[in-house]
Amino acid sequence: MNDRLSSLPLVKANRRTFLSHSLALGASLAGIGTLLQSCGGGNANSNGAIKWSTWAGAKTSKRLQEFTDRYNRDHNANVKFAPIPSYDDYLPKILTQLNGGIAPDVFYAADEHIIKLIQNKTIEELTPLLAKSDSVVKESDYFPGMWGAARTRSGKIYGIPVDCNPIVLWYNKKVLQEAGITEMPAELYKQGKWTRDVFQQMIDKITANKKRGYILASDSMLYHYSWAINNGGRIYDKDGYGDFIADQDAKTVEAFEWLAENVRAKKFAYASSLPSNQSEDLMFTANQVGFLSAGRYYLSTFKGARAKGLDYDIVPMPGTDGKSRPTGIFLAYIVLNKKTKNPTEAYKFLSNYVSKDGETLRLKDAGDAVPSVKGADQVVLDGNDPVHAQHLLDARNTGFATFASEMGTPGLSLDIVSAFDPVFLKGADVKTTLGKVAAMVNPRIKQAQSLLQ
Amino acid sequence: MRLQLDVSAMKASVHRNRWRRTLSEAFWGGFFLLPQLIGLVTFSLIPLVIVLWLSLVHWDGLGEVQFVGLQNFIDQLSDPNLRIAFVNTTIYTLITVPGGILLALLVALGLNKVRGKTIYRIIYFMPVVTSSVATGVIWLWLLNSDAGFINVLLRSWFNIEGPAWLIDAHWVIPSISIVSIWSSLGSNMVIFLAGLQNIPSTYIEAARIDGANRFQLFWKVTLPLLSPTLFFITVLSIISSFQVFDQTFVMTQGGPDKASYTIVYHIYNLSFRQFTFGPASASAMILFAVLLVLTLIQFAFQKRWVNYDL
Amino acid sequence: MLQEAVKTSKPVFQARRPRQKQRSIAGSMLAALIHVLLIIGAIIMAGPFIWMAVTSLKEDSQAFQDPLSLLPNPIVWQNYPASLQAMPFGQAYWNSFYIAIVVVACELITTAMAGYAFARIRFPGRNIVFVLFLATMMIPFQLTIIPRFLIMQRLGWLDNHLALIVPAALFDAFGVFLMRQFILGIPKELEEAAIIDGANRWQIFWHVILPLLKPPMAALGIFTFLGQWNSFFVPLIMLSSPDLYTVPLLLNQFREQYTSQWALMMAGSMIAVLPVLLVYVLGQRQIIQGIALTGLKS
């Protein structure tokens, strides 16, 4: 029997056993090490530290990091800034982090993001916090048109606008003058003569001079809506919380048809048909186009081009009667993570960020937006660039944020833009397309609304 | 009498032993199986149940769950994005599978006849072990329409202006096909090679004696004997082709303008970018159903052409 | 007559030794032609790697303007330290490495155990459970990845390496299948001797079976190691903090952030790919045999 034993690999197995034992030991040590490492990593926020995030390229990141450092110094705080470089990636990353329990305490939400966050109840309702006596900011500190999708129909506020970009018309003085235009739009506006017909005349002159009159942007419907509203039309009913009714409103249809006609006649350029290396701001600085609709975000680019001879100013969008109507405003909000471990610190930073002082600090010098809070206007008027910067403030005071219905339905905005491509790229009929859009949009709105509590 | 007592006692003890044995086997079976069993249940069976349930709800993992029944399936089946994804994936499969298999077969046939198999094998197999991300990055550079090696070569040697491989909607799927074929040629080739080498040389010799020329040899002897391997590779290739993701993610992000938007990219988009798990799960189940049907069809047809006579 | 030959002859497998080719001119010309084609093919297969290596040593401008030149001029070794500085490759390497090792170690043991159970232990329900294992191999992973994400979320393992290690270590139907097949082929006498000596199942497994499992363990081990190292989709979904990233994930982020800096990107890719290629060249026989095995077993 002993012979049997020795013939078995049991004896040889001693060395093998040793090897396999040590392998098992090594593996289990590594495994235990992993467990320890993973268990120990969750307590980052226990010392009053908070993390905040936004989408930001390198330049903006730098500025916001300086803001954060200054806040930490002034308030003896421990705030960490962790930007997400790409805007397209932003919401997926935030949602992933929320799922993983590692989301920032305070973060930005664009107008198209915020409804999703309200729906899945991951952000805190700010109305009670704003009402508290020791809050640095109050609901009334912000202009009424700023809230948009951040405020539900019942008045609950979930995000505070960090700043905004109201749409105005920027015009290239040189291009206009070379086309034989003597009175600049801003002057005409002061005299109450700035109408769409006058605008059309200028466009015609510019086109006759072989330049483009105006570039119709294709990254948002807000521009089109602004034209329609300035024409006296409506887009959504129930103050933006209801259905898409643009196809039934004669003035809106007329406005869209006017846009389409000009694009067809090549007096307007449709942004997505421009070659990729000729974006609208490049065309503007190269004196190839007369008018652009934009917020304040091109200011630093245009300002920098003054050295090369660029001269520009702004004017509100032309209305039917010489007085402008509300135009669209691009907005972003800052929100509070419901599961933050330091709610007091987090709200303190948030409210400070959007206070008068906070916004002024962020927007001065190379500021690329307009303050959303009252009392910080000086930052836009300082430096007198553009000369009629007041128009930006006026547009903000009377303007409107993107409609809650549209923002509340994921992906809807971009789908509507795509739905209009045939009109502007291939000359499809406006009325039919508006009808198709309504047919596409309204069921989706209803479905999204049914998910909103 | 003592004998009778012994017999029943023996029977009883045999029964007890058998029962003890079964118990012991069950214990040991469970013991040895436990880790993998836990894995199976937790990471395969339970997820299957969950995905079934997920396809019937609206949920983003964070908020509330809303039951919607079959609405997700209805929505997805009429979703133009899913349709685009299906068309793209089918075209991709139609290019990649026949092309890849043909090339792999040709290489294996050639390799079977020459010396130096090992060196060739090592080289042809290198792309297989390389990470799909690295492959994507390298080919992103090679296929760059302005400064990529391929277009520059075409320009300077042949004076042809090469297509915008990854930016032109008509060329993007063929481009991704090329990358996929390049990546997987080695492993298909190796399997074919093994299949070829398993064909007994006596059959070949017998056919030669009968006066078969090279062509007849291939069609009547080699191919039929290779058909099981061919079948195996075809089934697996079609399945994996329908699941293409890494290349579309690394090289084109589904673009340009959804020209390379594939089914798995659609599922990924719905689940981990838009966080709509309901529709995503419905799409995944639709994909599974399609794969199942395709595989069953192939299995049904195999009697026609696959030769198991060995 | 061919049919008769098929039926009557008992094939003797000498497939590894091709008989001497007749040295006809046509024959050697054909061989030469095949070689030429194979070499062209080999250039296409290996070319991209060579290109990656060459480009990684160029300056960005040269990479862009002069992609055809084979020699970098000047040779910019600096791209490598720059890559390492731009992204925490060292950390990613460690992550990929230890995850792969832990997974392989655990998985080899657990699949061997399961394979042994299926091959040798007659427990109730054995066949059903085995068929269950096999059936799961047909489920596309896209079907289970969403629930797995949610399970990890509930467990709190999102953005944690456990989400990558535990499923891979505990569940590998293919490995179980492989082990079972192999163990079935081990002669029972070896175990019977140990049983007579009074060893219990665990001792039999540990001392008798396990040492004999070197071949499938080697193949499975290398397979799994490579698979874990190159794994992309699962880490993409489970991890969000860059310092937890594995090498493919980091390379992807590299691509997103440095899109137009080709030379740098090629250096980064080289860093990601070189160790794998080295392991491959050293262990290629095992790997290729393993792949061939899967093809023949079916």
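We name chains A, B, ... by the order of the sequence lines, and we start the count at 1 in each one. Hydrogens, waters and symmetry mates play no part in the numbers below; they use all other heavy atoms, side chains included.
Only the side chain of B:Trp139 has a heavy atom closer than 4.5 Å to any heavy atom of chain C. In this structure, chain B has no heavy atom under 4.5 Å from any part of C:Leu249. For chain C, no part of B:Phe27 is nearby; none of its heavy atoms comes within less than 4.5 Å. Heavy atoms closer than 4.5 Å to chain C are found in the side chain of B:Ser156, but not in its backbone. For chain C, the nearby parts of B:Leu111 are the backbone and the side chain; heavy atoms of each come within less than 4.5 Å. At a 4.5 Å heavy-atom cutoff, C:Ala112 makes no contact with chain B through either its backbone or its side chain. Both the backbone and the side chain of C:Arg122 come within contact range of chain B, judged by heavy atoms closer than 4.5 Å. When heavy atoms are compared at a cutoff of 4.5 Å, B:Ser271 approaches chain C solely by way of its side chain, counted from C-beta outward. Contact annotation for C:Val247: neither backbone nor side-chain heavy atoms come within less than 4.5 Å of a heavy atom of chain B. Only the side chain of C:Ile34 has a heavy atom closer than 4.5 Å to any heavy atom of chain B. Both the backbone and the side chain of B:Ile138 have a heavy atom closer than 4.5 Å to some heavy atom of chain C. Neither the backbone nor the side chain of C:Ser231 has a heavy atom closer than 4.5 Å to any heavy atom of chain B. For B:Leu54, the part lying under 4.5 angstrom from a heavy atom of chain C is the side chain only. With a 4.5 Å cut-off on non-hydrogen atoms, B:Arg121 touches chain C through its backbone and its side chain both. Residue B:Leu23 does not touch chain C at all, counting heavy-atom pairs closer than 4.5 Å. Contact annotation for B:Tyr124: both backbone and side-chain heavy atoms come within less than 4.5 Å of a heavy atom of chain C. Within the 4.5 angstrom heavy-atom criterion, atoms from both the backbone and the side chain of C:Leu251 approach chain B. With a 4.5 Å cut-off on non-hydrogen atoms, C:Ile39 touches chain B through its backbone and its side chain both.
Contacts of C:Asn230 classified as side-chain hydrogen bond (donor to acceptor under 3.5 Å, both in side chains), with partners at least two apart in sequence or in another chain: none.
In terms of heavy-atom pairs under 4.5 Å with chain B, the best-connected choice from C:Phe123, C:Phe118, C:Trp202 is C:Trp202. In terms of heavy-atom pairs under 4.5 Å with chain B, the best-connected choice from C:Leu37, C:Asp172, C:Leu33 is C:Asp172. Of the listed residues (B:Ser24, B:Pro47, B:Gly110), the one with the most heavy-atom contacts under 4.5 Å to chain C is B:Pro47. Note on B:Ser281, B:Ser44, B:Gly30: by heavy-atom pairs under 4.5 Å with chain C, the leading option is B:Ser44. Your options are C:Val129, C:Leu226, C:Asn200, and the one with the most heavy-atom pairs under 4.5 Å with chain B is C:Asn200. Chain B forms more heavy-atom pairs under 4.5 Å with one residue of C:Pro48, C:Pro248, C:Ala114, C:Ala117 than with any other, namely C:Pro48. For the options B:Leu109, B:Val51, B:Leu291, B:Leu103, heavy-atom pairs under 4.5 Å to chain C are most numerous at B:Val51. Among C:Gln153, C:Met270, C:Glu256, C:Met265, the residue with the largest count of heavy-atom pairs under 4.5 Å with chain B is C:Gln153. Among B:Phe288, B:Phe43, B:Phe31, B:Phe249, the residue making the largest number of heavy-atom pairs under 4.5 Å with chain C is B:Phe43. No other option in C:Gly268, C:Ala168, C:Ala42, C:Ala272 has as many heavy-atom pairs under 4.5 Å with chain B as C:Ala42. In terms of heavy-atom pairs under 4.5 Å with chain C, the best-connected choice from B:Thr295, B:Ile239, B:Val250 is B:Val250. Top candidate by heavy-atom pairs under 4.5 Å with chain C, chosen from B:Ile267, B:Leu140, B:Leu193, B:Leu34, is B:Leu140.
Residues C:Met45 and B:Pro127 come closest through the heavy atom pair SD-CG, 3.9 Å. Nearest heavy-atom pair across B:Gly61 and C:Leu150 is CA-CD2, 4.2 Å. The heavy-atom pair separating C:Val273 from B:Ala134 by the smallest distance is CG2-CB, 3.2 Å. B:Trp182 and C:Ile44 get closest at one heavy-atom pair: NE1-O, 3.0 Å. For B:Val129 against C:Val276, the heavy-atom pair with the smallest separation is O-CG1, 3.3 Å. The heavy-atom pair separating C:Phe171 from B:Leu40 by the smallest distance is CE1-CD1, 3.3 Å.
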Margin query: Determine whether B:Ser131 and C:Phe232 satisfy the following criterion, side chain to side chain contact (heavy atoms under 4.5 Å, CB included), listing intermediate values before the conclusion.
Written below: CA-CA 8 Å; B:Ser131 145; C:Phe232 179 58; 6.0 Å; no
Side-chain donor/acceptor pairs under 3.5 Å, residues 133-146 of chain C, sequence neighbours excluded:
{"unit_1": "C:Thr136", "atom_1": "OG1", "unit_2": "C:Phe133", "atom_2": "O", "d": "2.6"}
{"unit_1": "C:Gln142", "atom_1": "OE1", "unit_2": "B:Gln243", "atom_2": "NE2", "d": "3.1"}
{"unit_1": "C:Thr144", "atom_1": "OG1", "unit_2": "C:Phe141", "atom_2": "O", "d": "3.3"}

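By the 30° and 60° cut-offs, the orientation of the rings of C:Phe149 relative to B:Phe277 is tilted. Between B:Tyr120 and C:His35, the ring planes lie tilted relative to each other; the angle falls in the 30° to 60° range. Ring-plane geometry between B:Phe125 and C:Tyr280 is classed as parallel, the angle between the planes falling under 30 degrees on a 0 to 90 degree scale with a further cut at 60.
For the pair C:Val281/B:Met126, no side-chain contact is recorded, criterion being any heavy-atom separation below 4.5 Å from C-beta on. Put simply, the side chain of C:Ile151 reaches to within 4.5 Å of the side chain of B:Ile50, judged on heavy atoms. You'll find the side chain of B:Tyr268 reaches within 4.5 Å of the side chain of C:Leu236, heavy atoms only.
No donor-acceptor distance shorter than 3.5 angstrom exists from the side chain of B:Gln36 to the backbone of C:Val176, with no hydrogens or angles considered.
A centroid separation of 6.0 Å or more is found between the aromatic rings of B:Phe32 and C:Trp206.
With B:Glu25 as the fixed residue, the side-chain hydrogen bond (donor to acceptor under 3.5 Å, both in side chains) test singles out one of C:Arg201, C:Arg120, C:Arg126: C:Arg201. Here the rule is side chain to side chain contact (heavy atoms under 4.5 Å, CB included) with C:Leu38, and of B:Ile119, B:Ile123, B:Val114, B:Leu106 only B:Val114 fits it.
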